[in-house]
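The following block contains the structure, expressed as structure tokens.
Along the sequence shown, the residues carry numbers beginning at 1.
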Amino acid sequence: MKKIISLFIVVVLFCSCNEYQKALKSEDVAVKFDLATKMYDAGKYNKAIRLFEQIAPSYRGKPQAEKLFYMFSQSYFKTKQYYLAGYQFESFVSGYPKSEKLEEAAFLGAKSYSMLSPVYSLDQTETNKSLDKLQTFIDAYPNSTYLAEANAIVQTLSGKIQKKVYENAKGYHTVTEYKAAIVALDNFVADYPGTPYKEDALFYKFDSAYQLAINSIPSKMEERLNAAKVAQSSLMKFNAETKYKKEAAAMLARIEKDLQKFTK
């Protein structure tokens, strides 16, 4: 019985492969379309893509074109070919503005570009591009069923951008370029007031001001010590129980001690 079942499976697979190979070589676009649809419905997206690629130019303007290009776009998305998926979904949106799939296609197009966003340490051109696409979708469909997911993606991508900017600013502190660090961290906090990295940015700004002050020549030290005190105050005002509280207190004590030299 097992041998019969195995033989049956082999025959079915052979016939299926034979049918697919025939369709690929066929000049009948209707045959290709029907089998591509069958492959798509069966979740065999890579096979469907090969057929869609062959017949897509011939179907433009035809009644079945909307269905074809929707499946074509989805096939790229399902196989994680996100650049091609984004392009195809955008073409679908512009080509079929009255489609019942319009909102879904607009969202998946924007989402496709978000999947191209690299890790924060790399160039974020694709991330910014994706944010623009998602914002366009949100503006166009403010009541969309995909709105929550779109906003969640925006938040994730925005967090990546913020981390990139924060790490770049903090990098000046790491290489002891304290003046540049103060400016960069100040700009970061101003540009992203609600960032989750605000406490860290305020601390490293304070530490940069502190290091700059205690290592200054006498003629500049008093002014810089007072500037460091202001930076410490900003940190404590933001969070009195900051994780940097112990370090900040020790640094402030040193600042106060050094400032006493200028009161005599």
Side-chain angles (χ1 to χ4, degrees), residues 82 86 107 109-144 146-215 224-252 254-255:
Y82 296 119
F107 170 68
K111 184 176 180 178
S112 295
Y113 287 110
S114 77
M115 303 302 288
L116 298 171
S117 173
V119 296
Y120 82 89
S121 57
L122 299 179
D123 180 79
Q124 294 300 304
T125 299
E126 291 295 340
T127 305
N128 284 312
K129 181 179 179 180
S130 175
L131 283 168
D132 289 341
K133 301 286 185 184
L134 285 161
Q135 192 58 57
T136 298
F137 171 78
I138 291 168
D139 292 342
Y141 300 96
N143 300 311
S144 173
Y146 300 103
L147 187 62
E149 187 177 355
N151 282 327
I153 296 171
V154 167
Q155 187 173 2
T156 297
L157 296 180
S158 296
K160 192 181 291 186
I161 295 291
Q162 289 178 32
K163 186 168 178 61
K164 171 82 171 180
V165 178
Y166 165 68
E167 291 293 345
N168 285 345
K170 182 186 171 186
Y172 289 113
H173 174 276
T174 303
V175 297
T176 68
E177 293 285 343
Y178 297 124
K179 286 183 181 180
I182 292 167
V183 173
L185 290 164
D186 221 13
N187 289 338
F188 172 73
V189 171
D191 291 341
Y192 303 99
T195 179
Y197 304 106
K198 186 171 183 177
E199 183 177 337
D200 300 294
L202 289 172
F203 172 75
Y204 284 107
K205 179 190 171 183
F206 168 43
D207 191 48
S208 295
Y210 170 79
Q211 296 295 340
L212 186 64
I214 64 173
N215 292 294
R224 289 177 175 177
L225 287 169
N226 282 316
K229 278 189 69 174
V230 172
Q232 187 270 350
S233 178
S234 295
L235 171 64
M236 300 309 294
K237 189 177 294 184
F238 176 72
N239 183 6
E241 297 302 320
T242 175
K243 60 186 176 183
Y244 300 109
K245 187 175 182 179
K246 186 175 180 180
E247 292 173 76
M251 291 156 67
L252 180 62
R254 166 72 184 274
I255 290 169

Do Asp200 and Tyr166 have side chains that approach each other closer than 4.5 Å (heavy atoms only, starting at C-beta)?
yes
Could you give the distance from CD (Glu177) to OG (Ser208), rounded to the nearest 0.5 Å?
10.5 Å
Are Ile255 and Gln232 packed together at the side-chain level, in the sense that at least one heavy-atom pair is separated by less than 4.5 angstrom?
no
Set out, in order, the CA-CA distance, both residues' side-chain angles and the distance that settles side-chain contact (heavy atoms from CB on, under 4.5 Å) for Tyr178 and Thr176, then state yes or no.
CA-CA 5 Å; Tyr178 297 124; Thr176 68; 3.5 Å; yes
Determine whether Met236 and Phe206 satisfy the following criterion, side-chain contact (heavy atoms from CB on, under 4.5 Å), listing intermediate values before the conclusion.
CA-CA 11 Å; Met236 300 309 294; Phe206 168 43; over 6 Å; no
Sequence neighbours left out, what passes side-chain contact (heavy atoms from CB on, under 4.5 Å) with Asn215? Give chain and number order.
Gln211
Donor-acceptor pair, side chain of Gln124 and main chain of Val119, under 3.5 angstrom:
yes
Looking at Leu122, is its backbone amide N or carbonyl O close enough to the side chain of Lys164 to form a donor-acceptor pair, meaning the two atoms are under 3.5 Å apart?
yes
Rounded to the nearest 0.5 Å, what's the gap from CD on Glu126 to NZ on Lys129? Could you check?
5.5 Å
Taking the side chain from Gln162 and the backbone from Gly194, do they hold a donor-acceptor pair closer than 3.5 Å?
no
Has the side chain of Thr136 got a donor or acceptor atom that lies under 3.5 Å from a matching backbone atom of Asp132?
yes
Show the numbers, then the answer: is there a side-chain contact (heavy atoms from CB on, under 4.5 Å) between Lys170 and Tyr197?
CA-CA 11 Å; Lys170 182 186 171 186; Tyr197 304 106; over 6 Å; no
Least distance between heavy atoms, Ala184 atom then Ala169 atom
CB-CB, 3.7 Å
Is a donor from one side chain sitting under 3.5 angstrom from an acceptor on the other, for Gln135 and Asp139?
yes
Here's a test for you: under side-chain hydrogen bond (donor to acceptor under 3.5 Å, both in side chains), which of Asp123, Thr127, Asn128 qualifies with Thr125?
Asp123
Distance-minimising heavy-atom pair for Ala231 and Ala209
CB-CB, 4.5 Å
Going from OH on Tyr210 to CG on Leu225, what distance comes out if it is rounded to the nearest 0.5 angstrom?
9.5 Å
Could you tell me whether the side chains of Tyr244 and Asn239 share a donor-acceptor contact shorter than 3.5 Å?
no
Taking C-beta and beyond as the side chain, do Ile161 and Tyr192 meet within less than 4.5 Å on heavy atoms?
yes
N/O donor-acceptor pair under 3.5 Å between Ser158 side chain and Gln155 backbone:
no
Looking at Ala152, is its backbone amide N or carbonyl O close enough to the side chain of Thr156 to form a donor-acceptor pair, meaning the two atoms are under 3.5 Å apart?
yes
Nearest 0.5 Å please: distance from the CZ atom of Phe238 over to the CG atom of Leu202.
6.5 Å
I want to check something: taking the side chain as every heavy atom from C-beta on, are Leu157 and Leu134 in contact at a cut-off of under 4.5 Å?
yes
Taking all non-hydrogen atoms of both residues, which atom of Ala190 and which atom of Pro193 are closest, and how far apart?
O-CD, 3.6 Å
Non-hydrogen side-chain atoms of Ser144 and Phe137 separated by less than 4.5 Å:
yes
Could you walk me through whether Phe203 and Thr242 pass the side-chain contact (heavy atoms from CB on, under 4.5 Å) check?
CA-CA 9 Å; Phe203 172 75; Thr242 175; 5.9 Å; no
Using 0.5 Å steps for rounding, measure from the CZ atom of Phe107 to the OG atom of Ser114.
7.5 Å
Looking at NZ of Lys198 and CG of Leu235, how far apart are the two atoms once the value is rounded to the nearest 0.5 Å?
11.0 Å
Count the heavy atoms of every other residue, nucleotide or ligand shown that sit under 6.0 Å from NZ of Lys160, and state whether that count exceeds 12.
yes
